[in-house]
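Structure first, then comments.
Positions are given from 1 along the sequence. The model shown is predicted, which means the values in this text are computed figures rather than measured ones.
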Amino acid sequence: MSQVDLSTRIRIAEDVLVQAVGGELVMLDLNQEKYFGLDPVGARIWALIQDHGSLEQVYRAMLDEYDVEAEQLESDLLELVNDLLDAGVIETAD
């Protein structure tokens with residue numbers, strides 16, 4: 001498993017198509033021909049990754065927008081990012 005922290009910069013992989021469906025996101029990895037889905041919170045994280053690329057900025061925006069403990073947010077964010085990295089739909093930009 002890839003390991004990232006809040007200082008990691010992320011970008012969306014080139015061969016990933018994304019479509020919003022009822023507040024959720026459906027992604028198709030063209031290389032692997034696999035579908036992935038994100039719930040509304042995951043979709044918001046995806047949008048922030050696209051906007052900022054910086055996990056620190058994503059973390060700060062999510063902390064402002066959601067009523068969540070800082071440690072829980074960091075843990076959940078890094079877990080999701082690692083899952084997306086392992087799936088190949090995002091990649092580190094460092």
Pairing residues for Asp64 by the side-chain contact (heavy atoms from CB on, under 4.5 Å) criterion, not counting sequence neighbours: none
For Val18, all residues meeting side-chain contact (heavy atoms from CB on, under 4.5 Å), sequence neighbours excluded: Val16, Leu25, Met27, Trp46
Pairs involving residues 35-62, ordered by first then second residue, that meet salt bridge (Lys or Arg N to Asp or Glu O under 4.0 Å) (sequence neighbours left out):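 Sorted pair list: Arg44-Glu65, Glu56-Arg60.
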Same cluster (ILVMFWY, side-chain, under 4.5 Å), Val41 and Leu55: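 Yes, because Val41 and Leu55 connect within a single hydrophobic cluster, where side-chain heavy atoms sit under 4.5 Å apart.
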Hydrophobic cluster identity match, Val26 and Val89, side-chain contacts under 4.5 Å: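 Different hydrophobic clusters.
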Non-hydrogen atoms of Gly88 and Ala13 that approach each other most closely: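 Between these two residues, the closest heavy atoms are O-CB, 3.4 Å.
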Residue pair Arg9 / Ser54: nearest heavy atoms and the distance that separates them: NH1-CB, 3.3 Å
Spacing of [X] atom [atom1] and [Y] atom [atom2] [to the nearest 0.5 Å]:
{"X": "Asp29", "Y": "Asp15", "atom1": "CG", "atom2": "CG", "value": "7.0 Å"}
{"X": "Leu28", "Y": "Leu17", "atom1": "CG", "atom2": "CG", "value": "5.5 Å"}
{"X": "Leu78", "Y": "Thr8", "atom1": "CG", "atom2": "OG1", "value": "7.5 Å"}
{"X": "Leu84", "Y": "Ile10", "atom1": "CG", "atom2": "CD1", "value": "9.0 Å"}
{"X": "Tyr59", "Y": "His52", "atom1": "OH", "atom2": "NE2", "value": "15.0 Å"}

Sub-4.5 Å side-chain heavy-atom contact between Leu6 and Leu77: yes
Trace of the side-chain contact (heavy atoms from CB on, under 4.5 Å) decision for Leu48 with Gln50: CA-CA 5 Å; Leu48 290 167; Gln50 285 183 301; over 6 Å; no
Set of residues satisfying side chain to side chain donor-acceptor pair (under 3.5 Å) with respect to Glu91, sequence neighbours excluded: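 Testing Glu91 for side chain to side chain donor-acceptor pair (under 3.5 Å), a comparison that skips the adjacent residues, returns Arg11.
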Which residues share a side chain to side chain donor-acceptor pair (under 3.5 Å) with Gln57, sequence neighbours left out: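 With sequence neighbours excluded, Gln57 shows a side chain to side chain donor-acceptor pair (under 3.5 Å) to no residue whatsoever.
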All salt bridge (Lys or Arg N to Asp or Glu O under 4.0 Å) counterparts of Glu24, not counting sequence neighbours: none
Sequence neighbours excluded and cut-off under 3.5 Å, please list the side-chain donor-acceptor pairs for residues 66-74, or say none.
residue: Gln72; atom: NE2; partner: Asp76; partner atom: OD1; Å: 2.8
residue: Gln72; atom: NE2; partner: Asp76; partner atom: OD2; Å: 3.2

